[in-house]
Amino acid sequence: MSLLKEVIVNKSTVINPIWIMRQAGRYLPEFREIRKLNTDFIKLCLNKDLSSEITLQPLKRFNLDAAIIFSDILMLPYGLNQSVTFKKDFGPLLGDLNVNEATNLHEDDFIEKLNPIYEAINIVSKSKFTDKKSTIGFVGAPWTILVYMLNKQSPKQHLKIHFFNDKPLIIKLLTLIEKFLKLHIKKQIENGADVIQIFDSWAGLVDEKDLSFYIYNPTLNLVNFTKSFNVPVICFPRGIKDYKKFCDSVKPDVISIDYNVDPKKICEAINIPVQGGLDPKVLLTDYDNLKKESSKYLDVFKDHPYIFNLGHGILPETKPSMVEDLVKIVKDY
Ligand code: CP3
């Protein structure tokens with residue numbers, strides 16, 4: 001059993017597994033090398049040899065306890081024939097969505113389009129570098145996918161709110177998104193993903209009164225679907241105000257917290273295993289500060305099942321040596 005599963009399934013508190021959100025990425029020179037020659041990010045995600053190699057890069061360097069497949073939550077709209085590109089220093093840009101065409105899309109066509117991702121998961125899960133480690137598959141949560149599909153860019157710059165008044169469209173899209181997210185989860189599990197993480201990066205944008213409709217109900221459906229394969233599911237509802245209410249409503253196996261959350265309060269309020277929290281900016285400081293800040297989480301969760309991780313993705317400016325230090329601090333605790 002992987003250390004992640006020891007924590008998730010057996011509720012162990014004596015080990016400290018660690019993996020890092022966006023662990024395969026731009027802070028690694030060996031990633032930048034491949035990326036330089038592969039300017040089309042989507043094509044890179046769909047190159048099973050390169051995407052599996054990139055996925056394993058951090059595991060070759062650091063004693064991490066899980067591989068997370070090098071892909072993106074926006075592969076879902078891509079699979080629904082909505083174009084996705086990445087503009088430098090701006091982020092993702094999506095094209096127009098043909099709702100009727102997407103509604104009539106055949107599941108086999110979606111699978112065929114995304115098949116290299118599933119093949120990459122297969123390669124990664126069988127690699128000697130993931131022996132006794134978890135292979136994490138992931139999806140974006142329905143709300144966050146809906147935001148990107150309608151807004152066609154990150155809501156960080158601008159959220160086109162008028163779309164969200166068209167309730168029939170929203171219901172149609174949420175149904176469509178849920179159907180294909182389930183398929184995407186199933187294919188990842190069939191190919192060797194033994195844990196699923198659901199990223200809800202924009203959960204914090206939803207009004208309290210709309211949480212059931214946009215967040216709790218659609219996410220619960222995915223959580224139940226994943227659990228039906230006997231695969232644990234980690235939820236990361238970034239920016240949500242009431243993590244306890246989220247856990248009671250959605251019932252994930254693990255709750256991943258963002259860096260604005262007080263770990264002490266979470267530890268007291270929540271019974272299920274917790275993941276993450278450390279501010280990625282701490283990795284841009286120095287060793288002593290890294291030790292101090294990471295020890296806060298390790299101290300708080302000393303007697304609580306806990307998976308070490310950050311409160312959001314690792315920043316591209318991070319020095320790989322700081323990641324090495326962090327892994328050592330966590331493992332030596
Ligand atoms: O964690 C990992 O190592 C696995 C790979 C992974 C990526 N994206 C690779 C990636 C995962 C799990 C994601 C999830 C993802 N993608 C989320 C949810 C988590 C979060 O960050 O909130 C979101 C919102 C996206 C959408 C997305 N993809 C954005 C906003 C961007 C642009 C960011 C930027 O820095 O320009 C991406 C691109 C992306 N996805 C990169 C990587 C490594 C950068 C691509 C590059 O090299 O330019």
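Reckoned from all heavy atoms, side chains included, excluding hydrogens, waters and symmetry mates. Both counts, for ligands and for their atoms, begin at 1 and track the order of listing.
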(request) List the closest protein heavy-atom neighbour of atom 6 (C) of ligand 1: residue, atom name, distance to the nearest 0.1 Å. (result) S71 O, 3.3 Å
(request) Run the contact test for A24 against ligand 1 with a 4.0 Å cut-off on heavy atoms, strictly below, and give the result. (result) yes
(message) Considering only residues two or more places apart or on different chains, which pairs with a residue in residues 34-52 satisfy side chain to side chain donor-acceptor pair (under 3.5 Å)?
(response) none
(request) Output yes when K244 and D248 qualify as a salt bridge under the 4.0 Å nitrogen-oxygen rule, no when they do not. (result) yes
(message) Give the atom numbers and elements of ligand 1 that come within less than 4.0 Å of a heavy atom of F70.
(response) 43 (C)
(message) For D207, is there an ion pair with K209 - N to carboxylate O distance below 4.0 angstrom?
(response) yes
(request) Could you verify whether a donor N or O on one side chain and an acceptor N or O on the other, from Y333 and D299, lie under 3.5 Å apart? (result) yes
(message) Within ligand 1, which atoms have a heavy atom of M21 less than 4.0 Å away?
(response) 1 (O)
(request) Among all protein heavy atoms, pick the one closest to atom 11 (C) of ligand 1 and tell me residue, atom and distance. (result) F138 CZ, 3.6 Å
(request) Compute the shortest N/O to N/O distance between T144 and ligand 1 and return yes if it is under 3.5 Å, no if not. (result) no
(message) Between K182 and E178, does any side-chain N to carboxylate O distance fall below 4.0 Å?
(response) yes
(request) Specify the protein heavy atom at minimum distance from atom 38 (C) of ligand 1: its residue, its atom name, and the distance to 0.1 Å. (result) F86 CE2, 3.3 Å
(message) Show the atoms of ligand 1 that are less than 4.0 angstrom away from any heavy atom in Q23.
(response) 1 (O), 2 (C), 3 (O)
(message) Whether the N260 and K241 side chains hold a donor-acceptor pair (N or O, under 3.5 Å, no angle test) is what I'd like checked.
(response) no
(request) May I ask you to identify the nearest protein heavy atom to atom 28 (N) of ligand 1, giving residue, atom name and distance to one decimal place in Å? (result) D72 OD1, 2.6 Å
(request) Decide, yes or no, whether a salt bridge links K291 with D325 under the criterion of side-chain N to carboxylate O below 4.0 Å. (result) no
(message) Under 4.0 Å from a heavy atom of F31: which atoms of ligand 1 are those, numbered in the order shown and with their elements?
(response) 47 (O)
(message) I'd like the name of whichever of L44, D200, I69 reaches closest to atom 4 (C) of ligand 1 through any heavy atom.
(response) I69
(request) For ligand 1, note which part of Q197 has a heavy atom under 4.0 Å away: side chain, backbone, both or neither. (result) neither
(request) Around atom 22 (O) of ligand 1, find the nearest protein heavy atom and jot down its residue, atom name and distance. (result) S201 OG, 2.5 Å
(message) Evaluate Y148 for polar contact with ligand 1, using N/O atom pairs at a separation under 3.5 Å.
(response) no
(request) May I ask you to identify, for P92, whether its side chain, its backbone, both or neither come under 4.0 Å of ligand 1 on a heavy-atom basis? (result) side chain
(request) Could you pull out all residues at least two apart from F62 that satisfy ring-ring contact (aromatic ring centres under 6.0 Å, His included)? (result) none
(message) Cation-pi check for F110 against K179: NZ or CZ below 6.0 Å from the six-membered ring centre and within 45 degrees of the axis, yes or no?
(response) no
(message) Checking the N or O distance criterion of under 3.5 Å, is ligand 1 in contact with R22?
(response) yes
(request) Inspect the contact between D65 and K331 and indicate whether a charged nitrogen and a carboxylate oxygen are less than 4.0 angstrom apart. (result) yes
(message) Please determine whether a side-chain nitrogen of the Lys or Arg among E30 and K60 lies less than 4.0 Å from a carboxylate oxygen of the Asp or Glu.
(response) no
(message) Could you tell me if N81 and K113 have a donor-acceptor pair between their side chains, going purely by distance under 3.5 Å?
(response) yes
(message) We want to know whether S212 and N217 form a side-chain donor-acceptor pair, criterion being a heavy-atom distance below 3.5 angstrom.
(response) no
(request) Would you mind telling me if ligand 1 is within reach of the side chain of F236, the backbone, both or neither, using heavy atoms under 4.0 Å? (result) neither
(request) Could you find the nearest protein heavy atom to atom 10 (C) of ligand 1 and give me its residue, atom name and distance? (result) F41 CZ, 3.5 Å
(message) Looking only at protein heavy atoms, which one is nearest to atom 14 (C) of ligand 1, and what is the separation?
(response) I73 CG2, 3.8 Å
(request) Go through ligand 1 atom by atom and flag the ones less than 4.0 Å from a non-hydrogen atom of H312. (result) 20 (C), 21 (O), 22 (O)
(message) Less than 4.0 Å is my threshold; does some heavy atom of G313 fall inside it relative to ligand 1?
(response) no
(request) Give the single entry among R26, K88, K87, R35 that approaches atom 36 (O) of ligand 1 most closely by any heavy atom. (result) R26
(message) Is there a polar contact between ligand 1 and W19, counting only N or O atoms under 3.5 Å apart?
(response) no
(request) Consider every N or O of W202 and every N or O of ligand 1, then say whether any pair is closer than 3.5 Å. (result) no
(message) Angle between ring planes, Y297 versus F301, binned at 30° and 60°: parallel, tilted or perpendicular?
(response) parallel
